[in-house]
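Down below is the structure, laid out as structure tokens.
Remember, predicted model here, so these are calculated numbers, not experimental data. Note on naming: letters A, B, ... go to the chains in the order of the sequence lines (proteins, then strands), and numbering restarts at 1 for each one.
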Number of protein chains: 2
Amino acid sequence: MDNRSVTALRRVDLARATGCNLETIRYYETVGIMPDPPRTAKGYRSYDDAHVRRLKFVMRSRDLGFSLEEIRGLLGLVDDRSQTCAQVQAVAEAHLEDVQAKIADLTRIERVLSETVARCTGDAAPECAVIDALLEA
Amino acid sequence: MDNRSVTALRRVDLARATGCNLETIRYYETVGIMPDPPRTAKGYRSYDDAHVRRLKFVMRSRDLGFSLEEIRGLLGLVDDRSQTCAQVQAVAEAHLEDVQAKIADLTRIERVLSETVARCTGDAAPECAVIDALLEA
DNA sequence: CTTGAGCCTGTATCAACTACAGACCGTAGA
DNA sequence: TCTACGGTCTGTAGTTGATACAGGCTCAAG
């Protein structure tokens with residue numbers, strides 16, 4: 001039957017539906033990323049499809065490297081679609097620049113590391129290219 | 001005369017000589033990355049050029065993305081050069097793979113973000129390409 | 001009726017720092 | 001000599017983004 005998944009989802013169901021860690025859901029609630037969900041008579045959290053969509057949004061944003069602070073901003077724009085698209089664009093563009101800077105950094109690191117490893121003899125020698133590369137400022 | 005910098009360095013001098021944050025020096029001491037330095041009669045830490053070199057090594061390694069745990073391993077090999085170069089090479093190679101994986105991830109993110117931002121009109125429209133891209137799982 | 005899975009809360013832990021409070025010290029200039 | 005400033009010390013708390021655990025409650029299947 002499984003029509004439970006259409007409406008009343010338990011926390012573990014939300015976790016499974018989104019791939020989010022169980023504890024992280026509660027964490028997102030305490031930090032205001034996810035809303036306080038309605039509760040059953042016994043105090044159990046009860047989620048629906050809107051929660052699934054929102055949490056997927058959050059997880060996708062996290063996956064793209066947005067901070068929770070940035071996601072809070074994006075969610076505000078999602079919650080109030082009367083805001084301008086330009087604001088969203090600005091956040092995304094700033095983030096894009098961050099990502100590009102990180103790629104540049106890592107590419108430099110990658111070059112240094114691969115060059116260094118290539119110089120390694122693998123011997124039990126007293127000198128070592130990796131150590132030497134790290135020691136030379 | 002400034003021949004103080006040749007031998008007895010204060011904590012702030014070590015920080016300036018390496019670009020390391022002042023508090024981080026103390027942190028590295030408590031976590032065993034930097035040795036407990038000798039103290040003056042009044043209990044002030046006293047550093048020398050060997051500390052500068054070691055801290056530069058640590059900072060360079062951090063800059064290349066090695067974790068403190070990995071750096072501890074590298075420092076062990078630096079401190080005891082009788083170890084094999086192959087061990088160092090293994091750490092560096094494992095790390096190189098990490099870095100390459102991170103570059104691949106970020107490149108994917110970069111592509112998604114730049115495509116998304118490009119689709120943005122920047123209008124005060126109720127629809128927004130960034131939000132839509134994030135909403136579609 | 002028992003068993004296992006899930007729920008609840010609060011709190012602790014992690015990396016790797018960073019910052020602050022409150023007290024002390026050391027030196028250069030007036 | 002006094003004072004101001006910049007530096008030092010310790011311990012501890014806060015940061016981000018989770019993750020884990022303890023101890024107790026609940027629910028559904030067999």
Side-chain angles (χ1 to χ4, degrees), chain A residues 1-5 8-34 36-48 51 54-55 57-75 95 98 102 105, chain B residues 1-5 8-34 36-47 51 55 57-75 95 98 102 105:
Chain A
M1 306 296 179
D2 207 5
N3 64 356
R4 185 193 59 197
S5 67
L9 299 159
R10 296 168 301 166
R11 191 150 59 103
V12 76
D13 297 324
L14 179 59
R16 283 170 190 159
T18 57
C20 186
N21 179 287
L22 192 64
E23 299 289 337
T24 303
I25 292 171
R26 198 157 63 93
Y27 170 71
Y28 282 162
E29 190 180 315
T30 66
V31 298
I33 288 285
M34 291 295 286
D36 290 13
R39 302 284 186 129
T40 67
K42 287 292 179 187
Y44 283 26
R45 287 170 182 82
S46 185
Y47 299 100
D48 61 22
H51 292 101
R54 191 185 183 91
L55 185 50
F57 176 99
V58 172
M59 296 194 70
R60 185 162 173 76
S61 301
R62 284 295 294 141
D63 190 44
L64 290 180
F66 288 94
S67 69
L68 288 187
E69 196 50 46
E70 287 170 323
I71 293 171
R72 246 184 286 270
L74 291 173
L75 284 170
H95 185 56
D98 280 1
K102 273 184 194 153
D105 283 354
Chain B
M1 306 301 175
D2 206 4
N3 64 356
R4 184 193 61 196
S5 68
L9 298 159
R10 297 168 302 167
R11 191 148 60 103
V12 77
D13 297 323
L14 180 59
R16 282 171 190 157
T18 57
C20 185
N21 179 289
L22 193 64
E23 299 289 337
T24 304
I25 292 170
R26 200 158 60 94
Y27 170 70
Y28 283 161
E29 190 180 316
T30 66
V31 298
I33 288 286
M34 290 294 287
D36 291 12
R39 302 286 186 127
T40 67
K42 286 291 179 186
Y44 284 25
R45 287 170 181 82
S46 185
Y47 299 100
H51 294 101
L55 185 50
F57 176 99
V58 172
M59 296 196 71
R60 184 162 172 77
S61 302
R62 285 293 297 140
D63 190 45
L64 291 179
F66 289 93
S67 69
L68 288 187
E69 197 51 48
E70 287 170 322
I71 292 171
R72 245 184 287 269
L74 291 173
L75 284 171
H95 186 55
D98 280 1
K102 271 183 195 154
D105 283 353

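Considering only residues two or more places apart in sequence or on other chains, A:Glu29 meets the salt bridge (Lys or Arg N to Asp or Glu O under 4.0 Å) condition with A:Arg39, A:Arg45. Here B:Ala15 pairs with B:Leu22, B:Ile25 under the side-chain contact (heavy atoms from CB on, under 4.5 Å) rule; sequence neighbours left out. Considering only residues two or more places apart in sequence or on other chains, B:Arg11 meets the salt bridge (Lys or Arg N to Asp or Glu O under 4.0 Å) condition with none of them. For B:Thr24, the side-chain contact (heavy atoms from CB on, under 4.5 Å) partners are B:Cys20, B:Asn21, B:Tyr28, not counting sequence neighbours. Residues passing the salt bridge (Lys or Arg N to Asp or Glu O under 4.0 Å) test with B:Arg26, sequence neighbours excluded: B:Glu23.
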Mind listing the N/O atom pairs, protein and nucleotides 22-29 of chain C, below 3.5 Å?
unit_1 : atom_1 : unit_2  : atom_2 : d
C:dC25 : O4'    : B:Tyr44 : OH     : 3.2

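One atom, CD1 of B:Ile25, and another, C1' of C:dA19, lie 15 Å apart when rounded to the nearest Å. The distance between atom CZ of A:Arg10 and atom P of C:dA5, rounded to the nearest whole Å, is 12 Å.
Using a 4.5 Å cut-off on side-chain heavy atoms (C-beta onward), A:Leu75 and A:Val58 make contact. The side-chain heavy atoms of B:Asp13 and B:Tyr47, taken from C-beta on, include no pair separated by under 4.5 Å.
For DNA chain D, the contact window with chain A, defined by any atom under 4.0 Å from a protein heavy atom, covers D:dG17 to D:dC27 in 5' to 3' order.
For the pair A:Pro37 and A:Ser46, the tightest heavy-atom approach, listed with the atom from each and the gap, is CB-O, 3.8 Å. Among all heavy-atom pairs drawn from A:Leu14 and A:Thr18, the shortest one is O-OG1, 2.8 Å.
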- Message: So if I define the base as every atom that isn't primed, P, OP1 or OP2, how would nucleotides 10-17 of chain C read as a B/S/- string at a heavy-atom cutoff under 4.0 Å?
- Response: BB----BB
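Comparing B:Arg16 and B:Glu29 by the nucleotide of DNA chain D that holds the closest heavy atom to each, the one mapping nearer the 5' end is B:Arg16.
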- Task: Could you go through the side-chain contact (heavy atoms from CB on, under 4.5 Å) check for A:Val31 and A:Arg72 one step at a time?
- Result: CA-CA 10 Å; A:Val31 298; A:Arg72 246 184 286 270; 4.2 Å; yes
